[in-house]
Structure formats: structure tokens, C-alpha cells
Amino acid sequence: MFVSVQDCAAAAFDELNAEQRAAVTHRGGPLLVLAGAGTGKTTTLCSRVAWLVAEGAMPQGLLLLTFTRRAAREMVARAGALLGSNTAGTVAGGTFHSTAHQLVRVHAAALGLPPNFGVLDPSDACDLLDLLREERGLAERRSRFPRKGTLLDIYSRCVNAQQPLSEVVAASFPWCEEHVEELVALFRLYGERKRELALLDLDDLLLYWHALAHDEVLGAQMDAMFEHILVDEYQDLNALQVEIVRRLRTERRELTVVGDDAQAIYGFRSASAEHILNFPDHYPDATVVTLEHNYRSTQPILDLANEVAAGATRFYPKRLRADREGGSRPQLVFCVDQSAQAHEVCLRVLDAYEQGTALREQAVLMRAGHHSDLLELELSRRKIPYVKYGGIRYLDAAHVKDFLSLLRLTDNPADQLAWFRILQLLEGVGPVTARRALDTLDLDSLDNTAQLAERWLAVEQLLKEPARQGAVRLISALTWSAEQPTVGPRVERLRDALAPLIRNHYKDGATRLRDLDELTRAAAEAHSLSIFLAELALDPPSSTAALAGPPDLDDDYLILSTVHSAKGLEWDAVHVIAASDGNFPSDMALTTPEGLEEERRLFYVALTRARHTLSIYVPLRYYHQPHARTDTHGYGNQSRFLTNAAEALCDRIDLPTDRHDWTTTNLVTTETVTVDLTDLWH
DNA sequence: TTCTCGAGCAAGCAC
DNA sequence: TGCTCGAGAA
């Protein structure tokens, strides 16, 4: 039986509510969809893609820009399902950075870039800045010159917020003001060095895309190429991204942007909610559709969320209404301290589990990754399985960087940064010897890997015996792999050559090697190593588990997540921990009014993740984390976002201050310690 | 010149 | 806590 694209799409559109349908079937100029939390934003955007195609748009003429690549893939797949065909598969979609990467590759020649340019991930960019800082003698301790991480932050903000350095420093890094001139020189040098090394950092990708869009011929070409542009999470765009979109819509007016100013939480990445608030000014012919009908949460939860959102200084007025009836009020749980909080969370999680809510349908959300330290201890003790999102990033681990450096060398043997890192893994080789070896290799005049092997003989003379063996293994693996066409065997050979060095260099070498196995497997599936490496920088896995794919569906585990990582997700039961002032809002954010506003939105995002039950925990006493040896502690107040009005919308629960469980736990610990101590005397 | 160890300090969210 | 830097030993 033949079912037309229009029929399929039409059937799906019947399920949309009136506002959603207005957004989906909008014709003509710019459209702003203000989609409150849980109002079916993704459904609307997917349906719009499907509707546009059903109305005759060419899928390859659609550009869908999302916040993560996963979101892009999901949306394209869903739009395809709506159409009852895979025509939507050809929609161009991805993050700004990955799309920029593709376009810059295509137009590399026009941009004066070599075809095999590499992409620096943020930690590589940090290292390069650190190197230049040292070269210029700015690293001396007394001068209090900013550290490498701060340098990258400053640089990145200039680029992404499109603001001059002096303004950025004055506004966000006032303690660096005495160094502005040195910073200018350093950043100039950074730009030159990246050019020399044929490397682009993430900011460069956007800059080059911006330059392409700005070009009279190429810009017009791109404008014409994308019949329709759709942007998700518009509130998280920075000035540079906003500018790119504007450049791409000088002739054509077909632009759909979706977002929620109340969920703008990426200010630290130079995003600004002002862009979505000012959208109607930038595009005077824009139509605005607001989605307020919430399909996720119960009304009592939304009442609290609405109350918190209403405290903001500037916002599009919105009031979320629940689709479902009933529901219980959020619970505000006051605990004596973080231990009591951990204990209580475990009890409630297990309780819900016994009532039939699977662990994976429950989540613990926190402002900062370390807020769950004690809770993780308690979960392990009780053998409750959990997975934590956010936190230390996998690509920042030293051994992972080592391996990636080695992979980069097969692609580009002239990569000095990679060499510098790899050489120092050899026993008895430090910065000085590594530098000498680099001089001997004279990478600038290197044409191919065969040449490398020749010059390497000279380098070997510089090395002492223990280093030589490992070095020979590395170089033979590199020359061998340069001639291998398939990625899989290449990566495995390189891993094997690196393994003894990793084992030697790190105390926990064996554990670290296991991480490399995952990476080896993932790389083996890629068509090209350079694309794999670039994509890794553009879409970094948050853990080795992420590389290995989603865990078994049978596995049931509790989700622990930072609020940032929880954006866009939802659970039956949500536990927001550490809702005390100083933690949430974070006291670091309180130096500016905008900082406080962003914390409020973050809190709002946390609350709106819950479907059925929401518990907010306020530990009243907390120990100062950094100097845990002394038992100094402070008394926390409840988060300032939990105003009287907000509190009135919750059920307040005060846990007893002299908890029986708490004292018992303490006694057990004391006994163990005593036993250990007695053993010590023998 | 490299390696090890202790002190000092900053600290978060992430494409 | 965990990273980075400086001091001092090998």
C-alpha cells in the first residue's frame, strides 16, 4: 500500500496542540519558538523538519543546528520516522562546531589552510598557550601571570563574545588587568603558532565559518545553499554564533529558532540570554510562538518552577501549565549536614525503588560535581549502582592525551606538540632532551615518514639506554602504520608500542591501559584517523563508558548528574542536593548580577527535570571541603531561591538533628579505627 | 638533567 | 582534593 509523505506527516500533526501546530506549519520569514521546559520542544522541531520536507523542501537544503551531536542525530531520525521514510537522513545537522568543521574542510583552500589541518581540543590549546607563556618568560611565579586555563578562558571569551580584550579583562578577569599588553602579544603569537602548525582550536572553527559567511561570494553561496535554517537552544548561543546565523540569512528569511530564555545556563561559555530576548529586534519580521503546555511534570512541581522563574529580572512572560491532573507537592528536606543528606537520599531512592520506580528513573542533581562526594561513598557502601555524568573529563587524563598525541603523529609527523609530549614519556627524557630531539628532527623540513626514520637515527644518539628501546619501538610502529591503509591495525600497533611506556610512566599504568583499549576500539571503527581525532575534539566522550556505547538495558542504576549535564533530560523522581546558599547558587557566581540570574535559571532547569516527585535537600551544616583536616564548619542557609513564597509551595520536612542512624554510623567507624590502631602497636 | 617530594593554591558548568 | 611549581637528591 502506498502511503505518501504528506499522509504520514499529517497523521503525526494531529497529535500536536494548537501552539505547536502554529510553530510547525509557520510559513515565510523568521520564527521564534519560545518553548518552556517539557513543552514538547523536540517534537515540535522534528515535526517542523518533517513538515518542511512534506511541503517540498529538499532535505539537503535544511540546516539543523543543535547543542550536541547526539541531539542532531536523534532529531533527524525522528523527523525521518515522521515522514515514514529516510529522506530526512540527508538533512545537514550537528553542532555549530561540527558544522563549521565540515565547511572549513570543504573551503580549506579558500581560507589558506592546508587540507589536513588538525583540531586542537581545549586541553591541547591550553598546553600550547602554556608553552608560549614559557617561551616568552611569563611563567615566573612572582609576576602572577594568569595560568594556562585562565589564558584560554580569556582568549575564548574575546572570540566568542566578540569583545575586545581590554573589555573582557576589565569585566570578567579584573585581576589580570596589569597584564593586558602581554596578553595581546601572547594571543597574537598563539594565532601565528597555530597557523604554522596547521592547527585550529574550537574557537577558530567558528571564526573561519564566520569569515566564510562574511565573504561576498562564498557567503551568498551558503545563504542560497541552505533553504531553511533551524537552530535549537538559541538561548545558549554566543555572539559569534548569532552573527554567523545572521550572515547566513541576508537574502533568505527562512529561519526557525527554538529556545527558552529561562533555561540559559551557558554564560560561562560566552552565551547570553540577551540574544533570544533581542531576537524580535534583530529580525523585525519575526513571528513569536510560545509553548506553555507542559507534558512532563505535575502542576505542584510547575508551580514551584514558575515561582522561581518569576524572580528573574528580565524574561519572556511564561507560565507552565501541566497536562496531567494531581501530583504531590515538592518536598523541602532540611538535614543536619551532608552525611545526613547522603543517608536520606539513599533511603528515599530505595523507598521509591521498592514502590516500583526503577533506579534509572531517578536522578540526583547537583550544582557542582563534588557535591555528591559523600553521597557516592554512601551509595557504594550500600551497593546501590549509579552512573555519574559530568565531572572529570576523560580526554583530560594524561595517558589519554599521550595516546592521542601518538595517533596525531601518524597523521602529521610534523606535529611538534605531540612529539614533545611523547618524547617525555621515555625514561630519562625531560623537557631539555625532548627539545634537543625536536631540533635534531627539524620537523619543519620534514616531508614524509620515511625521512623521519632516517633522522631518527641521529636522535637515538641523544638517548640513554632505557629510553632507546621504547623509542625504537615507537618509531617502527609509526613508520609501519604510516603505510597501512586500514585504521584498525594501525591503532592497535601504536597502542602496543605505547603500552610499556604507559606502564612505566604511571604508577597505575595497568588501569590506565584499559582506557586505551576502549579508545582503540572506537578509533578502529572510524574511516579516517584524522576525522576521528577531530570529531573526538568536537564531541568529547564524558567517560570511557560513553565510548563503549550505552550500558546494557538490563542494568539498573541511579543517575547522578550536574544540572548542566541534565539539561534536556527528565526522570520520574528528582533529588536536588546541596540547595544551600553558597553551593546553589554557587558563591563564585555571585560577583555579578548576571551571575546570580544564571544560577536562578540553573535552579529552574533542575526543578523542571522532575515528572512525579521532586525533593530538594538543604544541608544546614557543611564542612569546609578544602581543609578537611581541621573540623571547621559553617552554617549554611537554604538557597536564596527558596523564598518564603517558594517554600509555601513545598512540604517542609525537618530531619531530627540528633539522628539515631547518624550516631550509630559514627560508632561503627570508631570501632574499626580502634581495631586498626591496636594492630599498629604490634 | 631528571625525578621525587612537599608546599601552596585554586576550585565549576563544557563545544 | 588534585594540580603545579620549586627545592634538593640521584
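Worth saying up front: this structure is predicted, and the values here are computed from it rather than measured. The chains referred to below are lettered A, B, ... by the order of the sequence lines, with proteins before strands, and numbering in each begins at 1.
- Taking atom CD on Glu598(A) and atom C1' on dA14(B), their separation rounds to 12 Å, with Å as the unit.
- Closest to the Tyr266(A) side chain, of the nucleotides dT2(B), dT4(C), dA14(B), is dA14(B).
- Look at dA14(B): it lacks any Watson-Crick or wobble partner with both distances under 3.5 angstrom.
- Nearest-nucleotide positions on DNA chain B place Lys464(A) closer to the 5' end than the other of Lys464(A) and Ser586(A).
- Relative to the side chain of Thr433(A), the nucleotides dA14(B), dT1(B), dC5(C) differ in distance, and dT1(B) lies closest.
- Using a 30° and 60° split on the angle between ring planes, Phe96(A) and Trp209(A) fall in the tilted class, from 30° to 60°.
- One atom, CG of Asn160(A), and another, P of dC13(B), lie 19 Å apart when rounded to the nearest Å.
- Following rounding to the nearest Å, Phe173(A) (CZ) and dA10(B) (P) show an atom-to-atom distance of 15 Å.
- One finds no side-chain N or O of Lys148(A) lying less than 4.0 angstrom from the OP1 or OP2 phosphate oxygen of dC3(C).
- Taking atom CG on Leu152(A) and atom C1' on dC15(B), their separation rounds to 12 Å, with Å as the unit.
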Might you list the N or O atoms of the protein lying below 3.5 Å from N or O atoms in nucleotides 8-10 of chain C, with each pair's distance?
none

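- A residue-by-residue look at Ala589(A) and Ala434(A) shows that Ala434(A) has its nearest nucleotide of DNA chain B further toward the 5' end.
- Relative orientation of the Tyr155(A) and Tyr190(A) rings is perpendicular, given thresholds of 30° and 60° on the angle between their planes.
- Looking at Phe584(A) and Met366(A), their side chains never come closer than 4.5 Å, going by heavy atoms from C-beta outward.
- No side-chain heavy atom of Asn160(A) sits under 4.5 Å from any side-chain heavy atom of Arg269(A).
- Set against dC13(B), dC15(B), dC5(C), the side chain of Thr95(A) has dC15(B) as its closest nucleotide.
- In this structure, Leu207(A) atom CG and dC15(B) atom P are separated by 19 Å, rounded to whole Å.
- In this pair, Phe67(A) does not lay its aromatic ring on the base of dC15(B); centres under 5.5 Å and planes under 30 degrees do not both hold.
- Out of dC5(C), dT2(B), dA14(B), the shortest distance to the side chain of His564(A) is found at dA14(B).
- Checked for salt-bridge contact, Arg133(A) and Asp130(A) meet the test: a charged N lies under 4.0 Å from a carboxylate O.
- Contacts between residues 231-246 of chain A and DNA chain B, counted as heavy-atom distances below 4.0 Å, involve no residue at all.
- Within 4.0 Å of Val563(A), counting heavy atoms only, lies no atom of the nucleic acid at all.
- Between Ser565(A) and dA14(B), a side-chain N or O to OP1/OP2 separation shorter than 4.0 Å is present.
- Distance, Lys567(A) NZ to dA14(B) P: 12 Å, rounded to whole Å.
- Within 4.0 Å (heavy atoms only), Leu202(A) reaches at least one base atom of the nucleic acid.
- For the pair Lys567(A) and Tyr266(A), the cation-pi criterion (under 6.0 Å, within 45° of the ring axis) is not fulfilled.
- The side chain of Arg436(A) contributes no N or O atom lying less than 4.0 Å from OP1 or OP2 of dT2(B).
- Summarising the geometry, the separation between CG on Asp127(A) and P on dC3(C) is reported as 13 Å, rounded to the nearest angstrom.
- Look at dA7(C): its Watson-Crick or wobble partner, with both distances under 3.5 angstrom, is dT4(B).
- In this entry the distance linking CE of Met366(A) with P of dC13(B) reads 10 Å, nearest Å.
- Just one of Thr256(A), Val257(A), Thr66(A) meets the side chain to side chain contact (heavy atoms under 4.5 Å, CB included) condition when paired with Leu230(A); it is Thr256(A).
- Taking Asp124(A) as the reference, Leu120(A), Asp121(A), Arg408(A) meet the side-chain contact (heavy atoms from CB on, under 4.5 Å) condition, with sequence neighbours excluded.
- Note on Glu597(A) versus Arg314(A): no salt bridge recorded, every NZ/NE/NH1/NH2 to OD/OE distance being 4.0 Å or above.
- Using cut-offs of 30° and 60° on the angle between ring planes, the pair Phe117(A) and His101(A) is perpendicular.
- Taking every side-chain heavy atom of Arg147(A) into account, dT4(C) is the closest of dC15(B), dT4(C), dT1(B).
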key: Test side chain to side chain donor-acceptor pair (under 3.5 Å) applied to Gln235(A) and Glu233(A), step by step   = CA-CA 5 Å; Gln235(A) 76 284 355; Glu233(A) 310 277 19; 2.8 Å; yes
